[in-house]
Amino acid sequence: MCKTIVLSTQEDSAVSHCPSCHVIYVWHKNLMLNFSEQDFMSFKSMLDEYRYCESGMPFPDQRERILLHTPHEDISFAFTQEELLQLLKLLDEALFMKEVYTLMRTEPGFR
């Protein structure tokens with residue numbers, strides 16, 4: 001079992017990291033995404049590009065959402081502008097805290 005450390009939390013979301021197996025977990029409500037450190041950075045870079053995207057599409061609830069496609073053809077994410085900004089804030093904080101823990105060498109797994 002991994003000894004993860006929580007890097008960032010918000011209302012229904014959290015980002016944690018296992019320094020032993022180098023997996024980053026992004027949890028939001030009933031979804032859990034697992035990333036290698038490199039894949040996490042790629043995911044964050046993709047979201048950063050959409051931060052300034054003005055184009056969205058209307059959904060049945062009459063709210064405009066930005067549609068993000070994943071490498072899996074049948075899976076996409078849909079975010080309102082506010083949701084996307086909240087997610088980016090969560091990921092930015094997680095990256096900052098991961099760096100702090102790494103610099104302090106206080107992550108589980110360091111001896």
Side-chain angles (χ1 to χ4, degrees):
M1 180 81 178
C2 290
K3 286 191 172 187
T4 61
I5 56 170
V6 175
L7 299 173
S8 182
T9 60
Q10 287 181 0
E11 205 170 297
D12 291 330
S13 304
V15 178
S16 60
H17 173 250
C18 175
S20 298
C21 61
H22 305 286
V23 173
I24 297 176
Y25 303 93
V26 178
W27 166 76
H28 177 70
K29 296 187 180 188
N30 65 342
L31 295 175
M32 180 119 169
L33 306 173
N34 305 330
F35 295 102
S36 68
E37 291 179 10
Q38 183 178 353
D39 288 342
F40 178 78
M41 294 305 296
S42 295
F43 179 69
K44 175 147 180 358
S45 293
M46 179 187 75
L47 291 178
D48 282 335
E49 290 176 22
Y50 279 97
R51 175 187 304 207
Y52 304 105
C53 179
E54 296 298 324
S55 62
M57 58 185 298
F59 272 65
D61 63 359
Q62 304 305 312
R63 295 187 70 193
E64 190 168 294
R65 288 183 166 73
I66 297 165
L67 196 59
L68 302 174
H69 300 284
T70 68
H72 300 277
E73 187 177 313
D74 296 331
I75 300 174
S76 296
F77 298 111
F79 296 101
T80 63
Q81 187 71 23
E82 181 181 320
E83 290 168 339
L84 181 60
L85 293 175
Q86 287 175 341
L87 178 61
L88 283 163
K89 182 180 175 186
L90 178 81
L91 300 182
D92 284 338
E93 183 178 302
L95 282 173
F96 177 78
M97 290 307 299
K98 183 181 179 316
E99 187 66 24
V100 168
Y101 286 127
T102 299
L103 290 171
M104 294 176 56
R105 296 194 174 271
T106 56
E107 289 182 308
F110 281 113
R111 297 179 194 259

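Given the structure is predicted, the values throughout are model-derived calculations rather than measurements.
- Under a hydrophobic clustering in which Ile, Leu, Val, Met, Phe, Trp and Tyr are joined whenever their side-chain heavy atoms come within less than 4.5 Å, directly or via other members, Phe77 and Ile66 fall into the same cluster.
- Here the OG atom belonging to Ser16 is positioned 13.5 Å from the CE atom belonging to Met97, to the nearest 0.5 angstrom.
- Looking only at side-chain heavy atoms (C-beta outward), Asp92 and Phe96 stay at 4.5 Å or farther from each other.
- For the atom pair Ile24 CD1 and Asn34 CG, the distance stands at 10.5 Å (nearest 0.5 Å).
- Side-chain contact check for Gln10 versus Glu93: every heavy-atom pair is 4.5 Å or farther apart.
- A donor-acceptor pair is defined here as one N or O able to donate and one able to accept, closer than 3.5 Å; no such pair exists between the side chain of Ser76 and the backbone of Leu67.
- Under a hydrophobic clustering in which Ile, Leu, Val, Met, Phe, Trp and Tyr are joined whenever their side-chain heavy atoms come within less than 4.5 Å, directly or via other members, Val6 and Leu95 fall into different clusters.
- Residue Pro19 comes nearest to Lys3 through the heavy atom pair CD-O, 3.8 Å, listed as atom of the first residue, atom of the second, then distance.
- The hydrophobic cluster containing Tyr25 does not contain Leu47, counting ILVMFWY residues as joined when their side-chain heavy atoms lie under 4.5 angstrom apart, directly or transitively.
- In terms of heavy-atom proximity, Ser8 sits nearest to Ala94 at CB-N, 3.7 Å.
- Side-chain contact between Glu11 and Gln86 is absent, with no heavy-atom pair separated by less than 4.5 Å.
- In this structure, Met104 is a member of the same hydrophobic cluster as Ile5, with clusters built from ILVMFWY side-chain heavy atoms closer than 4.5 Å.
- Taken to the nearest 0.5 Å, the CG atom of Leu85 stands 8.5 Å off from the OG1 atom of Thr80.
- Here NE2 of His22 is found 6.5 Å from NE2 of His17. Values are rounded to the nearest 0.5 Å.
- Here the NZ-CZ distance, from Lys98 to Phe40, works out to 9.5 Å after rounding to the nearest 0.5 Å.
- A distance of 11.5 Å separates CE in Met46 from CG in Asp39, rounded to the nearest 0.5 Å.
- Side-chain atoms of Leu91 and Val26, non-hydrogen and from C-beta on, do get closer than 4.5 Å to each other.
- Trp27 and Val15 fall into different hydrophobic clusters, where Ile, Leu, Val, Met, Phe, Trp and Tyr residues are linked whenever their side-chain heavy atoms come under 4.5 Å apart, directly or through other members.
- A pairwise comparison of heavy atoms in Gly56 and Glu64 identifies N-OE2, 3.5 Å as the closest pair.
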